[in-house]
K.L.:
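Following this message is one structure expressed as structure tokens.
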Number of protein chains: 2
Amino acid sequence: MDQVSFTERELDVMAVLWERGPCTVAEVREALVDDLAYTTVLTVLRTLETKGHVSHEEQGKAHRYTPLVAREAAGTSALRRIVDKIFGGSRELLLTNLVDGRGVDDEELRRLRAVLNQRLGDGGSAHDR
Amino acid sequence: MDQVSFTERELDVMAVLWERGPCTVAEVREALVDDLAYTTVLTVLRTLETKGHVSHEEQGKAHRYTPLVAREAAGTSALRRIVDKIFGGSRELLLTNLVDGRGVDDEELRRLRAVLNQRLGDGGSAHDR
DNA sequence: TACGTTCTACGATAACTCTAGTAGGAAGTC
DNA sequence: GACTTCCTACTAGAGTTATCGTAGAACGTA
């Protein structure tokens, strides 16, 4: 149960890997919004590898990088941090903030509610899949 | 609508200010879990002030620091970042993660659902209070 | 008035982050 | 075989973060 955390740029890169699956340096670079030097992207990936957040395997002469940390784990860490530090431990406050403001229509609110209903329906025990 | 962001330590300090309201250096130091030197805390506060996230006023010979960034604004920034980078833009995925795992009982799930219901009941227009 | 306490101001240092250049290997092309 | 292209390894430098020491002002007290 270790706390995973990423710097801003590392997170950009991880986002690409989570979204697209294993990528080469060139592919990550391509996918990034900011226009970085090839070696910059490589350096970030190597840093991530040093920290144990990604691994790589040879593919031809290039390396293909795979995320070792799942989205979910990173999300759990990040959310815990936010709930604790920003919302004083209140998930309600977080949720309020999440659905506050524009961009969240009734349709989505209902989908979110469905998530909660489903979990409530679980009976609280069936937790695995 | 600027993006507010804090470093780890800055966030620790902001958390204290949000929780307790305006504080002196000594009070912040007292409230922090980690045992830091007085000057360390002072430095963090001064950094935050330089960045415009807190302000201070004299009180006797000490300074009392006040947060200029509201919890909500910091939360919105942080959540946007997480939704986008970690959950691929899906609030549903975020919510699932938020209520997944232990520590969330039915009671709380119902409270969270109430948050959504209330917003749905708003009719979508009445947004202020 | 001399002393201890409580503050701020300033300076400093180590570590980390971010970015990218240069060197050199491998592989295809003419 | 020389040239170009793509890729990694290594190196480097500026900027930021995190932490704290020392100096010195202000104030109460013996």
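By convention in this document, chain letters (A, B, ...) are assigned in the order of the sequence lines, proteins followed by strands, and residues within each chain are numbered from 1.
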K.L.:
If we ignore hydrogens and angles and just use 3.5 Å, is the side chain of A:Ser77 paired with the main-chain N or O of A:Ser5 as donor and acceptor?
P.N.:
no
K.L.:
Which whole-number value in Å describes the distance from B:Glu49 CD to D:dT17 C1'?
P.N.:
18 Å
K.L.:
What is the distance from atom OG of B:Ser55 to atom CG of B:Leu45, rounded to the nearest 0.5 Å?
P.N.:
11.0 Å
K.L.:
How many whole angstroms separate atom CZ of A:Arg9 from atom C1' of D:dG15?
P.N.:
15 Å
K.L.:
Please check if atom CD in A:Glu92 has more than 12 non-hydrogen atoms from other residues, nucleotides or ligands closer than 6.0 Å.
P.N.:
yes
K.L.:
With heavy atoms under 4.0 Å as the rule, sort A:Thr40 into base, sugar-phosphate or nothing.
P.N.:
base
K.L.:
Strictly under 3.5 Å: I want the nitrogen or oxygen pairs between protein and nucleotides 6-15 of chain C, one per line.
P.N.:
residue : atom : partner : partner atom : Å
C:dT6   : O4'  : B:Lys61 : NZ           : 3.4
C:dT6   : O2   : B:Lys61 : NZ           : 2.6
C:dT8   : OP1  : B:His63 : N            : 3.1
C:dT8   : OP2  : B:Tyr38 : OH           : 2.7
C:dA9   : OP2  : B:Arg46 : NH1          : 2.4

K.L.:
Need to verify one output field. Residue with the more 5' nearest nucleotide on DNA chain C, A:Ala37 or A:Lys51?
P.N.:
A:Lys51
K.L.:
What's the CD-P distance between A:Glu10 and C:dC16, to the nearest Å?
P.N.:
12 Å
K.L.:
Could you check how far CG of B:Leu45 sits from C1' of D:dC20, rounded to whole Å?
P.N.:
15 Å
K.L.:
Considering all heavy atoms of both residues, which atom of B:Pro67 and which atom of B:Val54 are nearest to each other, and what is their separation?
P.N.:
CA-CG1, 4.1 Å
K.L.:
Could you check how far CD of A:Glu58 sits from C1' of D:dT8, rounded to whole Å?
P.N.:
9 Å
K.L.:
Starting from P on D:dT19, measure out to CZ on B:Arg29 and report it in whole angstrom.
P.N.:
13 Å
K.L.:
Could you walk me through whether B:Arg20 and B:Glu27 pass the salt bridge (charged side-chain N to carboxylate O under 4.0 Å, His left out) test, one step at a time?
P.N.:
CA-CA 9 Å; B:Arg20 314 195 154 198; B:Glu27 287 163 1; over 6 Å; no
K.L.:
Could you tell me how far apart A:Glu8 (CD) and D:dT16 (P) are, to the nearest whole angstrom?
P.N.:
14 Å
K.L.:
Once you round it to whole Å, what is the distance between P of D:dC27 and CD of B:Gln59?
P.N.:
14 Å
K.L.:
May I ask you to decide whether A:Glu10 forms a salt bridge with B:Lys85, counting only side-chain N to carboxylate O separations under 4.0 Å?
P.N.:
no
